[in-house]
Amino acid sequence: MVAVKLSERNEANAMSTTLRKDVPVAETWDLSLIYPTEEAMYQDARRLEALADSMVQQYQGRLTTPETVNACLDDFREAIRLLTLTSNYCHLAVEVDYTDAHNQERNGEQNRLAAQVMSRLSFVNSELSQADEALLAEAAAQSEANCHFLRDILREKPHRLHPDTERTLAALSQTINAPYQIYNMAKLADMKFLPFAVDGKEYPLGYSLFEDDYEYETDTAVRRGAFSAFSAKLREYENVTAAAYNAQVQTEKTMADLRGYDSVFDSLLFDQKVDQTLYHRQIDLIMERLAPHMRRYARLLKKLHGLDRMTFADLKIAVDPAYDPKVTIQGSREYIEKGLSIMGEDYVAMVREAYENRWIDFARNQGKSTGGFCSSPYGKNSYILLAWNERMSDVFTLAHELGHAGHFRACNSAQSIFDTNVSTYFVEAPSTMNELLMAHYLLKTSDDPRFRRWVLSCMIRNTYYHNFVTHLLEAAYQREVYRIVDRGGSVNADTLSRIMKETLQTFWGDAVDIDDDAALTWMRQPHYYMGLYSYTYSAGLTVATQVCKRIETEGQTAVDDWKRVLAAGSTLDPVGLAALAGVDITTDAPLLDTIDTIGGIITEIEELTAQIEGV
């Protein structure tokens with residue numbers, strides 16, 4: 001096991017300049033598993049339009065009996081299914097290449113169709129929200145597939161607007177979602193990075209190149225040089241990015257006011273089915289209790305690498321770079337199949353299917369979305385996006401996304417499409433669970449202290465840093481933005497940079513130098529256009545940590561409980577899902593124990609380092 005040589009890294013870097021048409025097909029996902037041809041997608045789009053027309057004619061103004069209500073909702077489920085499939089087919093094609101004009105045009109066309117259809121069908125929610133509660137209760141009792149949808153209608157009733165207003169808002173959905181599109185186009189299509197030089201040598205640069213490669217670079221001069229050049233390019237786009245984000249949060253505030261919520265926080269947490277207590281606790285306790293542990297970790301990195309100072313650009317370097325093995329795509333399959341085998345043969349079969357049937361887009365190409373995600377259209381396989389860099393961190397990322405795939409395969413198979421909209425508070429629990437299962441599997445494969453330190457540092461560097469630090473700091477920053485907006489204010493680039501810099505400084509204290517380049521971190525995440533999403537990564541990982549401990553001590557009983565949770569979908573709220581898994585998130589105890597667990601891992605890394613290197 002050796003570190004990637006500089007020459008090997010530069011060869012890998014060149015891949016990011018590759019056009020989509022030139023990447024190996026085997027490294028791309030197969031959208032024909034949704035539709036075999038573009039024309040097949042358009043046929044379903046026409047079916048969707050016809051179904052919407054039929055529903056308006058049959059049901060509008062006639063939802064007066066339980067039988068009619070359920071007949072309408074049966075058709076509505078089919079409309080949502082068609083909308084989900086056509087949307088995914090078009091949207092996923094764009095995600096892998098934002099420079100493709102045809103795919104952009106087709107996706108825009110589908111978005112317009114979706115807005116038109118949902119505007120026409122907005123009468124369903126509007127009329128049901130105005131119906132007698134006894135009618136809805138009787139309809140719910142007659143249909144298991146529709147009952148939770150009807151209960152949610154009752155829950156949403158105080159916040160529904162006049163039917164004409166709801167219809168107009170649905171028609172304007174493409175415009176309302178424009179800030180996110182503007183952000184992605186600026187980031188993935190318009191930003192053009194020039195090479196940067198270090199000690200007279202030029203290095204290529206790109207968005208994914210920086211986030212997937214240079215942030216982990218062991219050569220300090222190259223790593224910091226890349227960060228400086230990357231930040232300089234971001235700064236050129238700070239005002240348009242800030243304008244897009246301000247438009248997003250102002251829209252959310254306006255919608256919260258229109259719908260009668262006390263604050264934008266209450267509005268954004270409503271769909272998550274949690275209150276502000278759980279939200280603020282997650283941010284406050286981690287900012288206070290986890291920060292001292294992570295500062296110890298930062299100081300250890302500084303000492304191990306002999307750095308003159310610890311900067312934001314240095315936080316993702318490995319504890320032991322020479323013990324960071326390269327992993328091929330095929331090699332990752334063996335790791336993941338064995339690591340997740342505790343979940344059972346049916347789960348491992350899904351992993352095999354993901355590799356063999358091209359659910360995963362491994363490729364590195366121009367215009368591809370950064371980071372990773374999993375999309376699971378109802379009734380079809382999942383689609384996983386990432387950029388493969390031959391690191392163990394990629395294995396953890398893929399295991400994470402396969403956690404989403406396994407979750408939605410379970411709930412999509414067991415539940416109505418209405419009951420697969422799992423709260424974002426909980427949705428990251430199955431994904432982060434897989435990362436922990438992978439790490440625990442690896443720990444059992446060797447007693448070598450250096451190997452153990454490497455696995456533990458992977459847990460900190462990949463799983464806990466990403467979810468309990470990166471995304472949590474985003475959440476702390478985001479909370480300050482919404483507080484400004486809730487008071488009637490607005491934000492610009494200077495304000496956003498100031499808030500992010502102060503957030504980073506509060507967490508890292510004197511252990512890390514936070515400069516104006518680090519302050520631009522607010523420009524790098526799409527999560528800010530998804531409501532209060534960032535904090536849910538740590539919420540999900542809190543549940544996952546506690547359930548993983550149960551699996552370690554109780555074995556199959558805990559695994560069986562977890563599988564029941566995965567299949568439950570959105571039939572339970574986050575508190576109910578966690579309780580089914582044996583975790584009580586109504587108290588501070590699970591989060592505090594998880595923070596202590598992270599601190600204990602860092603302490604063991606320090607002790608192993610002293611044993612191995614005498615540092």
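In this chain, numbering begins with 1 at the start of the sequence shown.
- When all heavy atoms of V583 and V543 are compared, the closest pair comes out as CG2-O, 4.3 Å.
- Side chains of T594 and Q546: a donor-acceptor N/O pair is present below 3.5 angstrom, by distance only.
- S457 places a side-chain N or O within donor-acceptor distance of the main-chain N or O of W454, the cut-off being under 3.5 Å.
- Annotation: cation-pi geometry satisfied between K187 and Y207 (NZ/CZ under 6.0 angstrom from ring centroid, within 45° of ring axis).
- Note that the CD1 atom of I605 and the CZ atom of R296 stand 9.5 Å from one another [nearest 0.5 Å].
- Judged by distance alone, the side chain of D593 and the main-chain N or O of A589 form no donor-acceptor pair under 3.5 Å.
- The backbone N or O of V96 lies less than 3.5 Å from a partner atom in the side chain of N365, making a donor-acceptor pair.
- Side-chain atoms of Q272 and S423 form no donor-acceptor pair, as typed in the model, at a separation below 3.5 Å.
- E428 and H400 share a side-chain donor-acceptor pair at under 3.5 Å.
- To the nearest 0.5 Å, the span separating OH on Y335 from CG on L442 amounts to 6.5 Å.
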Q: Evaluate the salt bridge (Lys or Arg N to Asp or Glu O under 4.0 Å) criterion for residues R281 and D588: first the C-alpha distance (whole Å), next the side-chain angles of each, then the deciding distance (0.1 Å), finally the verdict.
A: CA-CA 8 Å; R281 178 179 67 201; D588 294 354; 3.4 Å; yes
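- Remark: the T586 side chain and the D584 side chain contain an N/O donor-acceptor pair separated by less than 3.5 Å.
- More than 12 non-hydrogen atoms from other residues, nucleotides or ligands lie less than 6.0 angstrom from CD of E552.
- In this structure, W562 CH2 and L566 CG are separated by 6.0 Å, a value rounded to the nearest 0.5 Å.
- For the residue pair E606 / T609, no side-chain donor-acceptor distance below 3.5 Å is found, with atom types taken as modelled.
- Note on E95 versus K368: no salt bridge recorded, every NZ/NE/NH1/NH2 to OD/OE distance being 4.0 Å or above.
- Between the side chain of D314 and the backbone N or O of M310, no donor-acceptor pair lies under 3.5 Å.
- Taking both residues in full, the closest heavy atoms of G531 and Q478 are given as O-NE2, 2.9 Å, listed atom of the first, atom of the second, then distance.
- The aromatic rings of Y180 and Y529 sit tilted, their planes meeting at an angle between 30° and 60°.
- Of the options Y535, Y528, F507, W522, a ring-ring contact (aromatic ring centres under 6.0 Å, His included) to Y477 is made by Y528 and by none of the others.
- Under a 3.5 Å cut-off, the side chain of D361 and the backbone N or O of W29 do form a donor-acceptor pair.
- Atom CZ of R289 is surrounded by 12 or fewer heavy atoms from other residues, nucleotides or ligands within 6.0 Å.
- One side chain, T597 or K549, offers a donor N or O that lies under 3.5 Å from an acceptor on the other.
- Checked against a 6.0 Å centroid threshold, the rings of F227 and Y214 do not count as neighbours.
- Residues R524 and T521 have side chains that never bring a donor and an acceptor to within less than 3.5 angstrom of each other.
- A donor-acceptor distance shorter than 3.5 angstrom exists from the side chain of R358 to the backbone of T28, with no hydrogens or angles considered.
- Ring geometry, H527 versus Y533: the interplanar angle exceeds 60°, so the pair is classed perpendicular (tilted spans 30 to 60°).
- Under a 3.5 Å cut-off, the side chain of Y297 and the backbone N or O of I460 do not form any donor-acceptor pair.
- Of the listed residues (R224, K316, R391, R461), just one forms a salt bridge (Lys or Arg N to Asp or Glu O under 4.0 Å) with E215, and that residue is K316.
- R235 contributes atom CZ, which lies 4.5 Å from atom CG of L520 (distance to the nearest 0.5 angstrom).
- Put simply, the side chain of N412 gets close to the backbone of F408: a donor and an acceptor are under 3.5 Å apart.
- One finds a salt bridge joining R452 and E604 here, because a Lys/Arg side-chain nitrogen approaches an Asp/Glu carboxylate oxygen to under 4.0 Å.
- Salt bridge present: D320 and R453 bring a charged side-chain N and a carboxylate O closer than 4.0 Å.
- N467 and S538 are not linked by any side-chain donor-acceptor pair at a separation below 3.5 angstrom, with hydrogens and angles left out of the test.
- Side chain of T328 to main chain of G331: a donor-acceptor pair is present (N/O by atom type, distance under 3.5 Å, no hydrogens or angles).
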**Q.** Step-by-step salt bridge (Lys or Arg N to Asp or Glu O under 4.0 Å) determination, K501 to D515
**A.** CA-CA 7 Å; K501 188 172 185 178; D515 60 16; over 6 Å; no
Q: Verify salt bridge (Lys or Arg N to Asp or Glu O under 4.0 Å) between R498 and D516, making sure each step is shown before the conclusion.
A: CA-CA 9 Å; R498 175 184 57 77; D516 289 340; over 6 Å; no
